[in-house]
Amino acid sequence: MSLLIKGGTVVNADSSQRADVLISDGVIVAIREDLEAPTGAEVIDAGGQYVMPGGIDPHTHMQLPFMGTVASEDFYTGTAAALAGGTTMIIDFVIPDPEQPLMDAYNTWRGWSEKACADYSFHVAVTWWDESVHKDMGTLVREEGVNSFKHFMAYKGAIMAEDEVLYNSFTRAVELGAIVTAHAENGELVFQLQKKLMEMGMTGPEAHPLSRPPAAEGEAANRAIRLAEVIGVPLYLVHVSTKDALDEIIRARLEGQRVFGEALAGHLLVDDSVYRHPDFEYAAAHVMSPPFREKHHQEALWKGLQSGSLQTTATDHCCFCADQKAMGKDDFTMIPNGTAGVEDRMAVLWTHGVSTGKLTKEEFVAVTSANTANIFNIYPRKGRVAVGADADIVVWDPEASKTISAKTHHQNVDFNIFEGMEVKGLPSHTIANGKLRFKEGELMTNKGDGRYIKRPAFQPMFSALDLAAKANVPTPVDRS
Ligand code: DUC
Ligand code: ZN
Ligand code: ZN
């Protein structure tokens with residue numbers, strides 16, 4: 001089946017051109033001006049619009065079992081909401097319980113994700129360590145197309161990876177040609193501060209950001225970066241929310257280290273005043289980690305994106321409804337952490353990034369799809385409108401506008417952190433795997449249309465430790 005997108009401007013991360021785009025059997029087969037529609041082809045009029053790679057959200061948690069409940073958005077509803085917002089692929093997370101075999105957890109998540117209607121892939125979290133984890137990391141990279149391993153430096157007593165686990169996992173990733181990623185917050189410090197705040201009678205959501213100060217993120221970011229430096233593994237820091245962490249990334253990159261950083265749409269636009277709202281439901285709905293920050297951190301994050309010090313944008317889409325958030329009514333540490341955004345990221349970034357002149361439309365493509373595809377090794381199959389690439393495309397109408405609201409969004413959650421925000425710049429059509437899945441406000445999705453996308457490993461890397469050892473030819477001191 002073919003599809004012709006006519007009359008638009010094709011926008012990639014490096015250039016734009018006036019061109020039509022012809023799609024056949026899920027792949028882009030021609031890009032040039034004045035293409036004729038083959039017999040039977042569906043034609044999309046993209047006059048006055050931009051034809052861009054579909055968004056890739058590298059950080060979602062569909063139906064995540066977490067903090068005693070399960071995220072309300074499943075792989076079908078979540079990928080459908082993504083398509084409604086112009087995002088055609090997500091990278092979600094397999095998160096094994098401590099001592100759970102990695103392959104066990106991976107197979108569970110693969111089962112859950114079969115109903116996805118857009119393409120997806122998985123980072124796999126390393127939450128504990130033994131020989132089986134070493135072996136399973138190899139199987140995941142070599143047989144399952146997993147090239148990224150996640151490490152939670154927070155959530156003590158649950159999924160937190162101690163430094164020993166980080167060392168072992170980072171070292172194994174080097175051998176396998178994988179990239180490591182980290183949620184950077186000092187979990188011990190957060191745990192102690194939570195205890196202290198509760199003892200002081202600070203039981204409400206206003207205590208949440210106090211228990212997770214910027215320094216806790218800066219410290220963990222620096223620790224992850226320094227471990228990665230010594231071991232010699234590329235590192236991707238998820239949801240960078242503070243200037244503290246950003247400064248560590250900038251320093252490391254200036255020294256030539258392969259460190260990447262991700263900004264969340266929420267962290268770019270929502271500040272920590274939400275936690276002091278008198279209504280528990282409203283404040284709790286914003287509880288996610290790392291928390292929303294003071295405004296000066298937002299300004300730093302925007303500059304990080306503009307300068308290329310942060311390369312990607314994501315959402316950490318992890319939905320909990322009011323009844324779930326109420327689990328922490330008397331104890332803020334029990335509020336399930338997570339907020340939504342997979343549907344809104346593109347429109348919010350266009351409105352506050354491109355329309356304000358902070359980002360060009362090409363930079364918008366870079367930070368919403370191309371850089372993620374590059375970093376996670378699926379470029380240019382994904383993240384580029386090019387002949388031979390997957391036909392994952394958003395036709396973007398820069399004049400369309402709406403007011404974001406939980407009442408009208410497609411996300412399976414009763415709250416929207418961008419509630420009331422006017423956005424200008426929206427998808428008119430979303431095409432995934434060559435098929436029209438969203439048209440002028442209407443979704444046309446089927447469970448199971450999404451495909452699992454394997455991400456090949458990078459060249460196996462040399463461990464910095466081995467290189468240093470070779471260069472210095474260390475010999476024991478003879479004390480005989
Ligand atoms: N942070 C959240 O807010 N939710 C899920 C996991 C995480 O790290
Ligand atoms: Zn996280
Ligand atoms: Zn997350």
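Excluded from the calculations below are hydrogen atoms, water molecules and symmetry mates; all remaining heavy atoms, backbone and side chain alike, are included.
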* Stepwise, does the ring pair (Phe, Tyr, Trp, His ring centres under 6.0 Å) test hold for H239 with H183? -> CA-CA 7 Å; H239 50 47; H183 168 136; 4.4 Å; yes
* Within the distance-only criterion (no hydrogens, no angle test), does the side chain of Y275 pair as donor or acceptor with the backbone N or O of H286 below 3.5 angstrom? -> yes
* Would you call R110-E144 a salt bridge at under 4.0 Å N-O? -> yes
* To do: Using modelled atom types only, decide if a donor and an acceptor are shared between the side chain of H409 and the backbone of V413 within a distance under 3.5 Å.
  => yes
* Asked: Between E219 and R223, does at least one N-O distance fall below 4.0 Å, as a salt bridge requires?
  -> yes
* Any donor-acceptor pair under 3.5 Å linking the side chain of T430 with the backbone of V394? -> no
* **Under 3.5 Å donor-acceptor, Q411 side chain and E343 backbone** => yes
* Asked: Does the ring of Y379 carry K382 above it, NZ/CZ under 6.0 angstrom from centre and within 45° of its axis?
  -> no
* Take the angle between the ring planes of F364 and W396 and call it parallel below 30°, perpendicular above 60°, tilted in between. => tilted
* Cut-off 3.5 Å, side chains only: do T313 and E262 have a donor facing an acceptor? -> no
* Asked: Which residues pass the ring pair (Phe, Tyr, Trp, His ring centres under 6.0 Å) test with Y236, sequence neighbours left out?
  -> F376
* **Lys/Arg-Asp/Glu bridge criterion (N-O < 4.0 Å) met for R384, D14** => yes
* Would a distance-only check, ignoring hydrogens and angles, find a side-chain to backbone donor-acceptor pair under 3.5 Å from H208 to M288? -> yes
* Hey, mind stepping through E217 and R212 against salt bridge (charged side-chain N to carboxylate O under 4.0 Å, His left out) and telling me if it holds? -> CA-CA 8 Å; E217 183 177 331; R212 313 184 90 102; over 6 Å; no
* Using modelled atom types only, decide if a donor and an acceptor are shared between the side chain of Q311 and the backbone of S309 within a distance under 3.5 Å. => yes
* Does E248 reach the main-chain N or O of A221 with its side chain, forming a donor-acceptor pair under 3.5 Å? -> no
* Quick one: does D57's side chain have a donor or acceptor within less than 3.5 Å of a partner on H59's backbone? -> yes
* Relative to the ring of H61, is the ring of F152 parallel (under 30°), tilted (30 to 60°) or perpendicular (over 60°)? -> tilted
* Please check if the side chain of W129 supplies one atom and the backbone of S169 the other of a donor-acceptor pair under 3.5 Å. => no
